[in-house]
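Scroll down for the structure; my scribbles are underneath it.
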Amino acid sequence: MDVHRCRFVPYQPSAINAVAFSHPKTRPSKRSSPARLAIGRANGDIEIWNPSSGTWLQELVIRGGKDRSVDSLVWVNEPDQDLGDGRLIIGKSRLFSIGYTSTVTEWDLEKGKPKRHASGQHGDIWCFAAQPQGEESQNSNKLIAGTIDGELVMYSLEDDDLRFQRILVRSPTKKAQMISISFQSRKVVIVGCSDSTIRVYDIAKGHMLRRMTLGSDLIGGSKDIIVWSVKCLPNGNIVSGDSTGQVCIWDGKTYTQAQRIQSHKSDALSLAISADGTAIMSGGMDRRTILYKQNTGVGQRWGKVWGRRYHNHDVKAMATFEHGRVSVVVSGGPDANLMIVPLKEMGRENHRMMSNLPQQPPVISASKARFIVSWWEREVHVWVLQKSAADLLHDSTDESVQLDQNRKLLKTIVVKGDSNISSASINQDGTLLFISTATDVKAFKLKHQNPSKASDVKLSTIELPTRLSQLGATQVRLSPDSRWLLVIQEGSHVLMARFESKPAEPAAFKLQKLSRIRRQIPKYISNGGLGSYDRSVTQVAFSADSKMVAVADLAGYVDTWILRGHERTLQDGKETDAAGDAASAASDSDSSSSEVDDDMVTDAPDRWIRNPNAKLLPKLPASPVVLSFSGYVPGATSAAKKDDVDDYVLVAVTLSWNILAFHPRHGALTPWSRRHPRKTLPGPVQDLLDLPKGIMWQSSRMWLYGVSFLLMLDMGQDLPMSSEVEGGDSQLTQGMKRKRLGVSTGAGGKMERGNLAPHKIRKHGANDQWEDIDVVEKSRADESDSDDDMTDAEGQLSKLSSNSNGEVVLQTTESAPDGPKKWWITYKYRPILGIVPMDTSNQELEVAVVERPTWDMDMAERYFGGEEWER
């Protein structure tokens with residue numbers, strides 16, 4: 001395999017401003033709903049993550065837009081309904097956000113777009129909180145918000161609506177800006193202000209109960225102290241973090257200060273508390289994350305027991321999650337990385353950093369034209385790699401100059417409108433480009449004869465029918481033959497468009513809405529109060545001959561369609577033509593997908609019908625993260641075909657690392673997949689913490705990649721059993737000794753016993769901090785020490801050249817002399833944004849690995865302590 005390592009593709013992750021769990025702790029009901037984590041970013045993006053017992057899948061990204069920002073998030077959970085006989089309808093979960101404007105927004109997670117907005121006659125909202133539920137079932141929850149003008153305002157959520165209700169309190173001076181807010185009870189709210197005060201309000205009567213003051217700032221500091229965060233413990237006591245770096249404990253009955261802890265060397269920006277109120281976490285501008293515990297002695301004073309720098313910048317947002325064995329604190333800030341830190345096992349378990357790169361790669365390729373297309377916010381960049389790996393090796397004279405001149409930026413397209421790009425697709429010839437946002441779908445035609453000259457690439461727009469573009473799209477995908485465009489609208493609706501382009505004539509589109517199989521899911525088994533959110537389509541794949549298409553949703557259901565005339569299949573050992581059965585299956589479709597458009601495709605040969613055996617495909621054991629057809633085409637003679645079934649091969653990789661290969665026209669697993677359940681995968685594959693992001697095919701070889709690994713599995717061979725030894729190295733077999741110790745509580749694995757830090761730490765020196773980090777980094781590096789061994793097992797991995805700035809590096813791999821390998825893995829690449837094929841004309845696979853190292857990120861200036869300047 002020839003590899004181009006590319007670091008010139010622009011992608012700037014956005015800062016994390018807010019994190020919030022839908023259910024921060026275990027619910028008392030027996031049928032506990034799966035929690036979701038919402039992340040708000042500075043560019044307006046909202047990400048929905050599934051903790052899923054510590055796997056952490058990025059399920060959905062709702063794209064933001066120009067001059068938008070998400071600065072705070074709040075979930076509101078309605079009470080459950082008990083239907084008796086063990087049936088329970090889980091209360092609806094609703095997500096709200098603010099962005100330093102006077103508007104509150106509710107989000108529709110099923111459609112992936114805003115649901116409604118509400119605003120009132122008040123200043124910009126800087127903080128808000130949801131009224132907690134009482135003991136009795138009450139639906140009259142409110143949102144209480146604090147503004148820049150010192151106003152306390154109320155929004156009503158009754159009747160599944162969002163509307164401004166009234167202003168509770170007005171500030172006479174407008175000097176007390178409300179920065180943070182938390183509920184002490186259903187009627188009492190605590191507000192942290194910018195004038196060195198914490199104020200207690202009764203929202204039922206609309207007046208202030210108490211005003212607590214923090215005094216003046218330290219010598220040489222500001223006159224007023226800013227209370228960046230306030231939280232309330234279950235016993236009613238109040239915790240605050242302010243601009244002096246202090247964490248203060250306040251008595252919840254007398255509203256007097258009980259304790260003051262000098263925790264951070266700069267502002268304490270965020271706070272989080274455990275569900276039982278026995279632990280407090282704080283994050284500061286000095287990048288420290290500190291844990292506090294309450295002593296059992298006289299006075300029960302709080303003390304610092306653990307502290308470390310997990311982030312490279314401010315720790316701006318923080319939230320806790322405890323469910324089952326999972327007990328973690330998640331935090332984020334300007335470094336854009338989501339950090340998952342153990343809560344109960346802090347100091348005995350490693351942390352885990354989730355990459356700021358998205359699960360769905362924002363990079364594609366036009367393999368025949370050698371184009372790399374990437375998008376970021378509202379910009380699309382089209383690059384060309386002019387020479388192949390073999391040509392560069394053959395013509396190599398001055399290698400660094402060759403690599404610098406091998407790439408060229410052809411076009412930068414700025415999409416009109418305010419919405420960020422959600423998806424894009426280009427054909428293999430590099431002549432058709434489709435781009436989708438939350439509000440629109442756009443099409444472009446690229447004309448080029450000599451792509452090495454940017455001036456020779458001419459760009460023109462293609463007019464699209466309103467039905468295709470008016471609702472926007474979460475995903476768009478062109479078929480390999482460039483005739484079909486698959487569009488996912490409003491999260492779950494599948495629309496197929498036939499594209500016809502003739503010279504000197506406008507492009508013509510014929511539309512068809514594809515109906516998905518109706519799944520009979522009882523209402524009382526809902527997705528944690530999120531409705532049909534789990535039916536959102538996240539994976540789309542076309543077959544190599546463009547005659548079959550498959551989609552998969554978060555629930556694990558797979559739907560397949562096939563072009564009329566290619567639906568011949570096998571049932572009970574007999575070959576049948578099930579076109580009539582497929583046509584009559586419309587009654588089983590979703591009611592929401594039964595609409596018929598006037599401009600739908602009516603030509604019989606060009607009409608998509610449901611795969612006759614679509615119902616035989618089982619529900620996947622977990623959410624799919626990758627869906628792909630292999631390169632094999634039924635009826636074609638190929639050495640890659642190893643079984644007697646002449647059918648496509650559809651591969652789905654799930655959240656739990658189940659690699660399932662199906663024959664979709666027969667609705668059955670392939671023989672290889674039956675022989676290889678998850679427990680038979682090699683040990684390093686089972687130990688992977690990162691999830692795959694994409695698949696490439698090289699004959700029977702399946703190349704999977706994630707943010708930190710590149711994995712090859714040969715589906716034409718059986719994987720080695722645990723008793724086998726490959727290449728004389730037992731480390732390469734599935735029976736190798738595992739590096740991960742113990743059971744994780746949602747973050748990283750257990751620390752080795754010799755590296756355990758003392759549970760009680762009173763003082764942290766700079767050297768101690770760096771030594772701690774080295775311990776963890778060393779343990780993580782040990783997990784990938786076998787890279788060189790695996791490279792040698794696969795063959796020679798020769799590095800051609802590398803720029804001083806690491807922009808382009810070319811590598812090639814050669815076949816091993818003792819025959820093809822059954823599997824291979826490497827961790828040697830920097831964080832991978834995406835891998836795309838560059839040339840599919842021959843058996844040798846050529847790919848471009850797009851890397852985004854963390855040091856390439858542009859971040860604002862951060863706080864430096866004195867000892868850091870000295871270092």
Checklist outcome for this item: Residues passing the salt bridge (charged side-chain N to carboxylate O under 4.0 Å, His left out) test with R674, sequence neighbours excluded, are none
Checklist entry - Can you name the residues that form a side chain to side chain contact (heavy atoms under 4.5 Å, CB included) with V341, not counting sequence neighbours? => result Y310, M339, M346, H351
Next on the checklist: Please enumerate all residues that pass side chain to side chain donor-acceptor pair (under 3.5 Å) together with E59, with sequence neighbours excluded.
Outcome noted: R36, N50, Y533
Checklist entry - What pairs with W228 under side chain to side chain contact (heavy atoms under 4.5 Å, CB included), at least two apart in sequence or on another chain? => result I179, I226, S243, D267, L269
Checklist entry - By side chain to side chain contact (heavy atoms under 4.5 Å, CB included), which residues pair with D71, not counting sequence neighbours? => result N17, S69, Y100
Checklist outcome for this item: Residues at least two apart in sequence or cross-chain that pass ring pair (Phe, Tyr, Trp, His ring centres under 6.0 Å) with W75, listed by chain then number, are none
Checklist entry - Quick one: side chain to side chain contact (heavy atoms under 4.5 Å, CB included) partners of Q360, sequence neighbours excluded? => result Q539
Item to check | By side chain to side chain donor-acceptor pair (under 3.5 Å) - contacts of S628 (at least two apart) | outcome: W697
Item to check | side chain to side chain donor-acceptor pair (under 3.5 Å) partners for Y292, two or more places apart | outcome: S263, S282
Checklist outcome for this item: Contacts of R852 meeting salt bridge (charged side-chain N to carboxylate O under 4.0 Å, His left out) (sequence neighbours excluded), chain-then-number -> none
Checklist outcome for this item: By salt bridge (charged side-chain N to carboxylate O under 4.0 Å, His left out), E106 pairs with (sequence neighbours left out) R94, R116
Item to check | Contacts of D108 that satisfy salt bridge (charged side-chain N to carboxylate O under 4.0 Å, His left out) - sequence neighbours left out | outcome: none
